[in-house]
Number of protein chains: 2
Amino acid sequence: MPKDTFFNLPDVKSNLIILAAVEEFSRASFTAASINQICRRANIPKGSFYQYFRDKLDLYVYIMKLAIEEKIRLFSSVIDDFSTLTLPEQVRLLFLKGVEFANRHPDYAALGEQFSKESDESAKAAVIKEGGRLSESLFLQMIDNAKSKGEIDNRVDSLALSLLLKSLNSAVNEYMLEKFGGAGYEENREEIDGFVDSLLNIVFNGIRSGKD
Amino acid sequence: MPKDTFFNLPDVKSNLIILAAVEEFSRASFTAASINQICRRANIPKGSFYQYFRDKLDLYVYIMKLAIEEKIRLFSSVIDDFSTLTLPEQVRLLFLKGVEFANRHPDYAALGEQFSKESDESAKAAVIKEGGRLSESLFLQMIDNAKSKGEIDNRVDSLALSLLLKSLNSAVNEYMLEKFGGAGYEENREEIDGFVDSLLNIVFNGIRSGKD
DNA sequence: AAAGAATATGACCACATGGTCACATATCGA
DNA sequence: TCGATATGTGACCATGTGGTCATATTCTTT
């Protein structure tokens, strides 16, 4: 957690620091990201930085937590409705919300993309501990829930399916980021929806217990 | 390409350098990987290193090329039989060969894993240019081929499916690496086969033109 | 106005980085 | 044996890193 000094800062200043940090941690891994760079971008001296944060990890975890909280905020409204939906509908919603998140907060999405590639184990652990797996076990829960409701075949390997959905989800995000990179979500909503649907169609048209 | 000096080295020495480099580039990104570390591990002075390689990128590209060539070597035998197989069989073979590769060359596999996370664009481009996309467009070709043979429904989005297979492939590798990490391929062959099959079962039981 | 606490600041530290270069040592052909 | 050519080698360079700290400034309280 940042020191009190940081929270006493005027919002304009602290926001600038946050922005600079988000940009830097989106650009590079935890190790490769540079405090000097962040200070330069936020227009604060190095001495001040260490007045606000204990060390690099302190800042890193804080920034990640902000992004995670934002994502949870956007997703929570959707998850409330989950109980009334079938698994394919749930997954579809999750995917689309993911795309929406990436377009509403491209900076945070890039941050998440970078985090998924992070190789500094201790930094990763610190972030996860501080609040986020979110989608880690979510898919598994959804799948088992769907099984117990008889929505999908019991013989389907839950772990395999959840792994599939997880990797697919990140693939979709990566694809969207590459194709529309930051802008054009509203304009291309139809195309995006169609793409997601065609993906899910492949996956789900074989695992329903019932036939078409 | 390494300088002549490198190729004139006795095999024991050059192999030691290669080994040290593979280890270092598996551990860290291109930027984070350290020449000093490699020299230390290979027991050669820094001056000698630059007698062998133009710079860091030169070594990086060379090491990656070695791994790619090894992978191609293992895969090429399989690809020859492709024309006689259906798409699911092809994909299954590809997945299993991938797992086999990871177990025969865990060092190279780790290298590939690291490369897929590489964020230095110019380093990435240099590697790709020097010889490898391999599986980049392979899936797309296989899919279109299967379509023209009427194996899968023409309405299936080729790009979506190839994306799915690609991300699935990396998910399998990641999962295997995590679960059996380096050893135990032969002992767990049944379990691995079963896992791959259950994944592919999910995907393919919905995209065949014919019904069960 | 004075005293005391909270902040701001940049020079500085030890260390690591990729890369160079002058010089030492082998190797080889004549 | 001598000269030339190819190799080996580590001190050195400029630059960057995360982090510290003594000092200066500002704010708050009396």
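Bear in mind the structure is a predicted one, so any value in this text is a computation, not a measurement. Numbers restart at 1 for each chain; the letters A, B, ... are given by sequence-line order, proteins then strands.
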Can you measure [X] atom [atom1] to [N] atom [atom2] for me and round it to whole angstrom units?
{"X": "Asn43(A)", "N": "dT9(C)", "atom1": "CG", "atom2": "C1'", "result": "14 Å"}
{"X": "Ile35(A)", "N": "dT15(D)", "atom1": "CD1", "atom2": "P", "result": "22 Å"}
{"X": "Glu24(A)", "N": "dG16(D)", "atom1": "CD", "atom2": "C1'", "result": "13 Å"}
{"X": "Gln51(A)", "N": "dT26(D)", "atom1": "CD", "atom2": "P", "result": "15 Å"}
{"X": "Arg40(B)", "N": "dG10(D)", "atom1": "CZ", "atom2": "P", "result": "14 Å"}
{"X": "Ile38(A)", "N": "dT17(D)", "atom1": "CD1", "atom2": "C1'", "result": "13 Å"}
{"X": "Asp55(A)", "N": "dC21(D)", "atom1": "CG", "atom2": "P", "result": "15 Å"}
{"X": "Leu57(B)", "N": "dG18(C)", "atom1": "CG", "atom2": "P", "result": "13 Å"}

Assign [X] to base, sugar-phosphate, or nothing according to its heavy-atom contacts below 4.0 angstrom with the strands shown.
{"X": "Tyr52(B)", "value": "sugar-phosphate"}
{"X": "Ala32(B)", "value": "nothing"}
{"X": "Asp4(A)", "value": "nothing"}

Taking only N and O in the side chain of [X], is any of them less than 4.0 Å away from OP1 or OP2 of [N]?
{"X": "Asn36(B)", "N": "dT17(C)", "answer": "yes"}
{"X": "Asn8(A)", "N": "dT7(C)", "answer": "yes"}
{"X": "Ser48(A)", "N": "dA8(C)", "answer": "no"}
{"X": "Tyr50(A)", "N": "dT20(D)", "answer": "no"}

Phe30(A) ring centre to Lys56(A) NZ or CZ under 6.0 Å, with the angle to the axis within 45°? yes

Hey, could you give me the [atom1]/[atom2] distance between [X] and [Y], rounded to the nearest 0.5 Å?
{"X": "Tyr50(A)", "Y": "Asp58(A)", "atom1": "OH", "atom2": "CG", "answer": "10.5 Å"}
{"X": "Gln141(B)", "Y": "Phe82(B)", "atom1": "CD", "atom2": "CZ", "answer": "10.5 Å"}
{"X": "Lys124(B)", "Y": "Met64(B)", "atom1": "NZ", "atom2": "CE", "answer": "11.5 Å"}

Do the side chains of Arg92(A) and Glu89(A) get close enough for a salt bridge, i.e. N-O under 4.0 angstrom? no

I'd like to know if Lys46(B) reaches the base of dG19(C) with its side chain, counting only an N/O donor and acceptor under 3.5 Å. yes

In terms of side-chain heavy atoms of Ser34(A), which of dG8(D), dT9(D), dG18(D) is nearest? dG18(D)

Heavy atoms from C-beta onward define the side chain here; which of dT9(C), dG18(C), dG8(D) lies closest to that of Lys56(B)? dG18(C)

